[in-house]
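Take a look at the structure set out below.
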Amino acid sequence: MKVHEVMTKNPAFCCPSSSVVRAATTMQQLNIGVLPVVLDPTNPRLVGMVTDRDLCLHVVAGGKDPADIWISECMTADPICCAVGDDVRYALELMEEHQVRRLPVVNGRHEVAGILSLGDLVGKWSITSVEIAEALRTICEPVREPVGETAEPMEMITAA
């Protein structure tokens with residue numbers, strides 16, 4: 001089965017010059033957690049990805065004012081992607097290898113054609129539930145810290 005058969009086509013997108021507030025509002029309105037970042041509205045060439053997690057960790061937790069931050073400041077540039085004609089098993093391998101749940105899908109001109117998520121693969125005849133479960137386990141596995149380094153103790157968050 002090919003990626004184009006199961007991907008979400010024509011996804012919403014943003015540009016590097018888009019405001020963080022606009023991207024977050026789009027995600028909220030569409031109930032999505034990721035936006036491909038394209039060169040500009042007239043050129044859908046993929047240049048990055050921004051997730052709700054990026055907005056939370058790089059903007060909110062970073063103490064930045066969302067009204068003053070552009071997507072270019074918090075996006076992942078040159079993201080891992082797959083092509084419309086790729087086999088879904090190859091895309092699943094990319095997701096596992098890079099620990100991502102969603103991949104932008106590009107055409108031959110590197111323009112955004114869709115998004116492929118684990119959810120798109122669930123229940124498809126060519127991908128078994130065992131393969132999905134293994135991929136999810138791998139994707140969600142914590143990134144290990146280098147030997148000799150220890151994590152800071154977790155801080156308790158309490159109500160004010």
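Excluded from the calculations below are hydrogen atoms, water molecules and symmetry mates; all remaining heavy atoms, backbone and side chain alike, are included.
Minimum interatomic distance between Met75 and Val37 (heavy atoms only, all atoms of both residues): SD-CG1, 3.6 Å. The two residues Met49 and Val34 have their closest heavy-atom pair at CE-CG2, 3.1 Å. Residues Gly114 and Met7 share a closest heavy-atom pair of CA-SD, 4.0 Å. Heavy-atom minimum distance, Leu35 versus Ala23: CD1-O, 3.7 Å. For the pair Pro36 and Pro11, the tightest heavy-atom approach, listed with the atom from each and the gap, is CG-CG, 4.1 Å. Shown here for Cys82 and Ala91, the closest heavy-atom pair between the two residues is SG-CB, 4.2 Å.
Proximity of a side-chain donor or acceptor of Asp86 to a complementary backbone N or O of Ala83 within less than 3.5 Å is detected. For the pair Asp120 (side chain) and Ser117 (backbone), a donor-acceptor distance under 3.5 Å is present. Glu73 contributes a side-chain N or O that, together with a main-chain N or O of Trp70, makes up a donor-acceptor pair within less than 3.5 Å. Remark: side-chain polar atoms of Thr26 are paired, donor with acceptor, to backbone N or O of Arg22 under 3.5 angstrom.
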Residues Met95, Leu118; criterion side-chain contact (heavy atoms from CB on, under 4.5 Å); working and verdict: CA-CA 9 Å; Met95 289 176 175; Leu118 278 179; 3.8 Å; yes
Take Leu92 and Val88, measure what side-chain contact (heavy atoms from CB on, under 4.5 Å) needs, and give me the verdict at the end. CA-CA 6 Å; Leu92 189 59; Val88 292; over 6 Å; no
Take Leu55 and Val50, measure what side-chain contact (heavy atoms from CB on, under 4.5 Å) needs, and give me the verdict at the end. CA-CA 8 Å; Leu55 300 180; Val50 66; 3.9 Å; yes
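Residues Phe13 and Val105 do not share a hydrophobic cluster, clusters being chains of Ile/Leu/Val/Met/Phe/Trp/Tyr side chains in contact below 4.5 Å. Residues Val21 and Leu57 do not share a hydrophobic cluster, defined by chaining ILVMFWY side chains whose heavy atoms lie under 4.5 Å apart.
No side-chain heavy atom of Val47 sits under 4.5 Å from any side-chain heavy atom of Val38. At least one side-chain heavy atom of His110 sits less than 4.5 Å from a side-chain heavy atom of Cys81. Within the 4.5 Å cutoff, no side-chain heavy atoms of Pro44 are placed close to those of Leu39. Counting heavy atoms from C-beta on, the side chains of Ile115 and Leu103 never come closer than 4.5 Å. Taking the side chain as every heavy atom from C-beta outward, Arg102 and Thr51 approach each other to under 4.5 Å. Two residues are said to be in side-chain contact when any heavy atoms from C-beta on lie closer than 4.5 Å; Ile69 and Ser19 fail this criterion. Inter-residue side-chain proximity for Val3 and Val84 is flagged as unmet; no heavy-atom pair is nearer than 4.5 Å. Inter-residue side-chain proximity for Thr8 and Leu116 is flagged as unmet; no heavy-atom pair is nearer than 4.5 Å.
Every residue meeting the side chain to side chain contact (heavy atoms under 4.5 Å, CB included) condition with Glu93, not counting sequence neighbours, appears here in chain and number order: Tyr90.
Here Arg89 contributes atom CZ and Met1 contributes atom CE; the two are 9.5 Å apart, rounded to the nearest 0.5 Å. With values rounded to the nearest 0.5 angstrom, Arg109 atom CZ is found 4.5 Å from Asn107 atom CG. Between Ser18 atom OG and Ile71 atom CD1 the span is 6.0 Å, to the nearest 0.5 Å.
Open room surrounds CG on Asp78; 12 or fewer heavy atoms of other groups in view lie less than 6.0 Å from it.
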